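What follows is one structure encoded as structure tokens, with my remarks underneath.
Since we're looking at a predicted model, the values are computed, not measured. Because only heavy atoms are used, hydrogens play no part in the values below, and waters and symmetry mates are left out as well, while side chains stay in.
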Amino acid sequence: MVKQYDHRKIEKKWQKVWEIKKTYKVLDPSTSSGRVKKKKFYSLIEFPYPSGDGLHVGHIRSNTAMDIISRKRRMEGYNVLYPIGWDAFGLPTENYAIKTGKKPSVVTKKNTDVFRKQLKEIGFSFDWSREINTTDPKYYKWTQWIFLQLFKNGLAYKAKSFINWCPSCKIGLANEEAVGGVCERCGNITEKREKEQWMLAITKYAERLDKDLDLVDYPERVKSQQRNWIGKSEGSEIEFKIKCNPSQTLPKGEGEMPKFFTTSPELWRALQDKVLDMRKNPTNGEKAMWDLLRRNNPSLDLPKGEVKNSKGFHFRRQHIIDRFIVDFVCIEKKLVIEVDGDIHDYKKLEDEERTGVLNQIGFEVIRFTNEEVIKNPKNVLEKIILKLNNVSSKALSFGEGLGGVDMEDLEGIKVFTTRPDTIFGVTYVVLAPEHDVITNLQLQIMNWEEVEDYIKKVKKETEQERTKEDKEKTGIELKGIKAINPANNEEISVWIADYVLPHYGTGAVMAVPQHDARDREFSEKYNLPIIDRPLVDAQEITKKVGGKIVTKFKLRDWVFSRQRYWGEPIPIINCEKCGFVPVKEKDLPIKLPEVKNYKPTDNGESPLASISKWVNIKCPKCKGLAKRETDTMPNWAGSSWYYLAYTTQGISNFQFLISNKNIKNKTRKNIDYWTPVDWYNGGMEHTTLHLLYSRFWHKFLYDLKLVPTAEPYKKRTSHGMILGEGGVKMSKSIGNVINPDSIVKTYGADTLRIYEMFMGPFEESVAWSTESIIGSRRFIEKVWRIGEKIITNYELRITNEKNKIKNSNNSFVRQDIAAEKSSDSQSFNISKILHKTIKKVSEDIENMRFNTAISSMMILATEMEKEQSRTLDLQKSPTLNLEDFKKFLQILSPFAPHVTEELYNQLPITNYELKNKKENNSSIHFSKWPKWDENLVKDQEIKIAVQINGKVRTEILIQTDENEEKVKKIALTNEVVLKYIQNEKPKRIIYVKNRVINILI
RNA sequence: GCCCGAGUGGCGGAACUGGUAUACGCGCACGACUUAAAAUCGUGUCUCGCAAGGGAUGUGGGUUCGAUUCCCACCUCGGGCACCA
């Protein structure tokens, strides 16, 4: 009787052997043993985050796929690196630490131990000697080192940026924790909080990240997603000059020119900052006066009859006149109001001089003290109104006598457009509310209060609210400001609106409602003109209006700070004197200090900030008091270079990046040998972030001449997700998570591997079905039965023969096998199927069509067993020969490494070959990948379909590549065909070689 | 809204470059072996029809001798981007 297939015994046995023999350890190209002339192959999977939930069946799917490819490559003679490690910094561990107080490092150790054990039980051919862990200080030393290089090259900087803030948990959240603007932990709505954050200038690499996609073999959808994310667009930057429109600033009928250009452009620019500052910080008196002037518009507040001018007066505060900044001014009436504090008492002379100058150029000045304004506002107001009504002097005309500002000297509004050809259809210009120009034009904007309120309102909104779907566009016109269309010198209005984003392009848009849906929507809402003008040539017009062709990107710089504990500390020291000082390289790694509480502080700082012993440090430059940076890196950091760490791990703990001096050292040899990764499989969810980030870091390292290629990954493929039964997502809350351990226990790792590869197309999502696993198990059992029968049959025959001939020496065995190998027409059919299968499996693996590869091997196994059962008589020579079966095992071995290894080692033919070839590795996984024989793949005779009028009616047997006339003859003499065509003559006959013949009647 | 991908039996899915639709597996039914069960093996399994034959690849058109495959319109599902000028 044949032995039962015992997956537990077999899998345990071989896993142990592989581990002891270090079967999958790669050859180090920098050592003598590595200097074999083997081509390298570097296959990579995304290293897992060791969560407390253990290995997911989804991990197994992608790991198995790359394991199959790696094993095939080894059999094809490559030196294969298939490494594994842990992307172990991450939020779940940290949140667990916050909850339980357990050390993240301890939790991580526990989790990785579980993962490691689970992975080993599935029989992946990882080189475990190269295992890495991003939380290992030996590892993150180099993550920090790369950060320092980025800093030193101006690619890391600190800037104000918005973080997601949960007001209920009082902590900052990562974007992925605040999806949809909702806190992942408590469900509350998050706010945006402005905070200084470390940023990486990935945008400086935007062009190359886009362009170099041409160099790599990624699926089209991955490339287009990356391109979409980078968002390159070419267009024109065109300046619209600003002009102030007098007609809107003056009361109707007076028709006077504007009076607010009361200084020279040079002085205006020089004093502008001071003006803004003063407005922000008014004295009490100034504030009271401003309230008085604004809320109590003199013309409206007093009883009727006492005010002659019913139109009211427009006051400005902190206005520049000549070289002075006056507190308040009504330009129409040339009345200056000054509010003095005590400080001015000893400055009387100065003030008198100032009043003198103002008087000279036609302004009247009245003064009040702070006290007066605050205590007796009514009195003050009455005085002002009296003055206003009595002042008779006419205001100055445009710039008269003052070296007035020609607005052409002012900076215009630069817009970015991809459609300069529509420029004649521009009816207004829109700025983002955050645009700089607005504050610079504050003095010229007539409705500043309204504008300011609007800007505040917009800034309050979160990004989510602002860009929410179906949000109605809002905006406000900047009154008193006009823009000039450089194409036709038309005067158009200037608006600010929330639909214009500050961080894209120039933050300003020329609106063409005729051609752009958004502009149209906005125009309709605010009754702005929509005009249809002919298009013009884009290149030409850009030149004509003095614009330039520019390239813009959607990509934004990478926010690299987290106010968290469980990440790499950012190796920067903040010194009051010297600014940001990098930690000295010899002081790396900056280890994560022990901390009592892992929770971020109430004001949103990382828990590291509370360890004053750790934070306070001497400045490496000036030796003065300084503080460490307490932000940590995001978990994308460690994964941005891990594929490089694998190439040198176990060789010199990644000393590779240290400097060019070591260019010839061992580690450089390894990097140069292994880089780039030949084949990287991962999930679509990492297409835009991880993949882009690591490409960015790699390019940076390439620029430092530390890696040999511009791109890290030659080829990228992606796997589909495994869904729960019924096609829903697997999740703990639904309770449909499959534990791989129990599957391995019940069915075996080989079965699980085959099942996961067979369940559906690799790149598509598939639903798990525990019920269906049995099919894969049956297939393996079938292979086992065939193998056992072959082996026992062979042993029995030898025993029989021995007894007969009493000849027990080896020469017999050799003859016997030779006879079987050269074999025998009987198994010709099997050989044909075998070689077709070898071809199909070889090709399918390359295309990741594992499901069809397995289905073809299932067919082969069924045929082999059938053939075998035909000749059960042990006296006869078996028709299924050992050589064919061995080849079958070989092509199956990447899929089911344990059972094939076991059978292979039991095959008598294997032992024989090993003795002759003196190979020292008896593993099937280092045997030679079988080649298919084209002659056997090609059929001599084939069946083709015969169609009458396009419908299949019968089939005929023809010789392969038979000439057309002969095929027609065969078809036309076929019984069924004759029945259909009767005596008619076919109108037309179409023959497709070796496929089909279609007879039209 | 825009860009990708997909829609085939009870279920997961095959089908090369336009050439016999439903391979392979699960499930189900019947049969063989067995005292019996399990396992295994065999047969059947899109649909209507006794049959001859007809109809089916999301829906409706089109191109073609011939369409799951190509084109047009629409519906549904999945993924990505999203006021990006």
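A 6.0 Å sphere centred on CD of E975(A) holds no more than 12 heavy atoms belonging to other residues, nucleotides or ligands.
Among the heavy atoms of the strands, none lies under 4.0 Å from S769(A). Residue contacts for I774(A): at a heavy-atom cut-off of 4.0 Å it reaches the sugar-phosphate backbone alone, with no base atom in range. Within the 4.0 angstrom heavy-atom criterion, no nucleotide atom of any strand lies near Y428(A). T417(A) comes within contact range of the sugar-phosphate backbone alone, with a heavy-atom separation under 4.0 Å but no base atom that close. Residue contacts for K951(A): at a heavy-atom cut-off of 4.0 Å it reaches the sugar-phosphate backbone alone, with no base atom in range. Residue D519(A) is classed as having no contact, given no heavy-atom separation below 4.0 Å to the nucleic acid.
Look at G31(B): its glycosidic torsion is beyond 90° from 0, and that puts it in the anti range.
Side-chain atoms of T862(A) and K782(A) include a donor-acceptor pair closer than 3.5 Å.
Looking at the side chain of S233(A), the nearest of the listed nucleotides U20(B), A85(B), C81(B) is A85(B).
The shortest distance between the side-chain N/O atoms of R849(A) and the OP1/OP2 oxygens of A15(B) is below 4.0 Å. For Y980(A), a side-chain nitrogen or oxygen approaches OP1 or OP2 of G53(B) to under 4.0 Å. A sub-4.0 Å separation between OP1 or OP2 of G27(B) and a side-chain N or O of R778(A) is present. Remark: R988(A) is in phosphate contact with C65(B), judged by side-chain N or O atoms under 4.0 Å from OP1 or OP2. Listed pair S856(A) / C24(B) fails the phosphate criterion, with no side-chain N or O lying under 4.0 Å from OP1 or OP2.
Remark: the separation of the C1' atoms in G78(B) and C83(B) is 25 Å, to the nearest Å.
Taking every heavy atom of residues 993-1001 of chain A and every atom of RNA chain B, pairs under 4.0 Å involve R995(A), V996(A), N998(A), L1000(A), by number.
Base pairing of C24(B) is made with G12(B), judged by Watson-Crick or G-U wobble geometry with both donor-acceptor distances under 3.5 Å.
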